[in-house]
Enquirer: 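Take a look at the following structure, please.
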2 protein chains.
Amino acid sequence: MNLSAPIHRPSLHEELVDRLREMIVEDHFQPGEKIPEKSLCDSFGVSRTPLREALKVLASEGLVVLTPNRGSRVATVTPEELANTFPVLAALERLVGELSAARISDSEIAHIRERHEAMVRYHKERDRSAYFMANQDIHSAILRSAANPVLEQHHTALASRVRRARFMANISDDRWAQAITEHGEILAALEDRDGARLGALLSNHLLNKFAALQRALEGVSDAAE
Amino acid sequence: MNLSAPIHRPSLHEELVDRLREMIVEDHFQPGEKIPEKSLCDSFGVSRTPLREALKVLASEGLVVLTPNRGSRVATVTPEELANTFPVLAALERLVGELSAARISDSEIAHIRERHEAMVRYHKERDRSAYFMANQDIHSAILRSAANPVLEQHHTALASRVRRARFMANISDDRWAQAITEHGEILAALEDRDGARLGALLSNHLLNKFAALQRALEGVSDAAE
DNA sequence: TGACCGAATAATGAATTCAAAATTAAAAAC
DNA sequence: GTTTTTAATTTTGAATTCATTATTCGGTCA
């Protein structure tokens, strides 16, 4: 690690932004749930000032909704918003693929291959949770290898808003198998360092995931009618 | 206007975020300039609390840089950051083109054609400022016609961070003429509602602009050596 | 019983206050 | 005269306080 890098002592509100974002993305709150300032302040042991600053930042990221004089709630993700978000993320994924193929190192590829093989095993074993982790690792390793902080930042912001969606509908066996196939192709394109192909594959991978999700959600709402 | 829309009374910090963002994007501050809380509070007639909330939001948008215990400065845009931002914007522009072609109305196209023709006149008259306005109008009309708020939000955020760049180097006559040509092609693709073509044209238009900007900046730094 | 009103309570928005850190100014040493 | 040390001032980070707006609860009246 770079010892001469400037030390960054995070201020309270930064700390709170990170903690709260983590809690929201990792589903410690229900979507739409009210966020009471008082009790949160108590549990974090801070005053309302930095907490409110953090909430405003999270609101600008779209993770929280502020209603004047009525406090803040965890943002809900509507199907319409999903439909708007996925194409944007897919557009970014294409760029991720193009940049990653041009910039990724051999050791990064080796690491991804290793996680890929683990993921295939988890699929065979039907270990959803381990699968999700490996999948996550692979995608964030590719994103990092694109070496573009601006891209990374916006990708992460968008992804965190739809992350919750993966809990909304359980993935079908068919889609799961298809995803594994797609991941195989992605790894191949990565090892070939074929940017155009990798970008297309990553983009389609995401759009297919969205299509599967939409089918699952429609099924749910149909059943509810 | 929709009279039954819910009234939105903005809180102080929202108001401040908008005002400050406008001021930063429209170059009322020097890049890197210190933002003294006290004097800003005085000029806005508010206390530090809402101002600091606003600064934190702007920092998360990347327009302001906060250094703990040392206050806030207007973010500077480094060449490296430009190089990271333009490809991301270009990726979004492609999606804008695809969506816009599919969704834009005849009257929106008519409006854009009107602004386009005005812009061509301004080019002939060498009226840079009017040209910039018309150009801006066209691009934001296309963006709006894509009818995707998520896309719009991220596009706007990225664009505002590089907007300042247009002041950094004056556009060359060659590039200006080329831009006009590209705009003609964009309008044609729009009227044909050819999404793939429009997306490619918009994306390349932006990347060409960036290339011209980079050449101009290199020229500047070379001259300074 | 249940809809409506009003007081009590709680939550929020924003100003103020206080403590810690940084900056500036002044004094001392070389 | 320049650099270093130290004190004063300013600026920032965060807690507290105050005013305003919601919400809840209890009571009234149909």
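Below, chain A is the first sequence line, B the second, and so on; all start at residue 1.
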Enquirer: What is the distance, rounded to the nearest whole Å, between atom CG of A/Leu16 and atom C1' of D/dA15?
Expert: 14 Å
Enquirer: Heavy atoms only: give me the nearest B/Arg161-B/Glu61 pair and the separation to one decimal.
Expert: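 For B/Arg161 versus B/Glu61, the nearest heavy atoms are CD-O, 3.5 Å.
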Enquirer: May I ask you to evaluate whether B/Arg52 reaches the phosphate of D/dT12, defined as a side-chain N or O under 4.0 Å from OP1 or OP2?
Expert: no
Enquirer: Rounded to the nearest 0.5 Å, how far apart are CD of B/Glu80 and OG1 of B/Thr85?
Expert: 10.0 Å
Enquirer: Mind checking B/Glu37 for me? I need base, sugar-phosphate or nothing, with any heavy atom below 4.0 Å counting as a touch.
Expert: sugar-phosphate
Enquirer: Does A/Lys56 reach a base, just sugar-phosphate, or nothing at all? Heavy atoms under 4.0 Å.
Expert: nothing
Enquirer: Quick one: does B/Arg48 reach the base of D/dG13 with a side-chain donor-acceptor pair under 3.5 Å?
Expert: yes
Enquirer: Would B/Arg163 and B/Glu26 pass as an ion pair if we require N to O under 4.0 Å?
Expert: yes
Enquirer: When you measure from the side chain of B/Pro50, which nucleotide among C/dA21, D/dT16, C/dA14 comes out closest?
Expert: C/dA14
Enquirer: Starting at atom CG of B/Leu51, determine the distance to atom C1' of D/dT11, rounded to an integer number of angstrom.
Expert: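 The distance from CG of B/Leu51 to C1' of D/dT11 comes to 13 Å, rounded to the nearest Å.
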Enquirer: Using a cut-off of less than 4.0 Å, is there contact between a side-chain N or O of A/Thr49 and OP1 or OP2 of D/dA14?
Expert: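 For D/dA14, neither OP1 nor OP2 has a side-chain N or O of A/Thr49 closer than 4.0 Å.
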Enquirer: Using whole Å, report how far CG of A/Asp42 lies from P of D/dT16.
Expert: 11 Å
Enquirer: I'd like to know if the side chain of A/His154 pairs up with that of B/His155 as donor and acceptor (distance under 3.5 Å, no hydrogens or angles considered).
Expert: no
Enquirer: Might you point out which heavy atoms bring B/Ser60 and A/Ser60 nearest each other, and give the distance in Å?
Expert: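 Smallest interatomic distance, heavy atoms only, reads OG-OG, 3.2 Å.
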Enquirer: Quick check: on DNA chain D, is the nucleotide nearest A/Pro68 upstream (toward 5') of the one nearest B/Pro68, or the reverse? Name the residue that is more 5'.
Expert: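 Checking each residue's closest nucleotide, the 5'-ward one belongs to B/Pro68.
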Enquirer: Could you check how far CG of B/Asn69 sits from C1' of D/dT10, rounded to whole Å?
Expert: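 Interatomic distance, CG of B/Asn69 to C1' of D/dT10: 13 Å.
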Enquirer: Look at the side chain of A/Ser11 and decide which nucleotide, out of D/dA14, D/dT23, C/dA22, has an atom nearest to it.
Expert: D/dA14
Enquirer: Rounded to whole angstroms, how far apart are NZ on A/Lys34 and P on C/dA11?
Expert: 7 Å
Enquirer: Let me know the distance between CD of A/Glu14 and C1' of D/dT12, rounded to the nearest Å.
Expert: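 Checked: the CD to C1' distance equals 14 Å.
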Enquirer: Between P on D/dT11 and CG on B/Leu66, what's the gap in Å once rounded to a whole number?
Expert: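 Answer to the nearest Å: 17 Å.
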Enquirer: Without decimals, in angstroms, what is the distance between B/His13 NE2 and C/dA15 P?
Expert: 13 Å
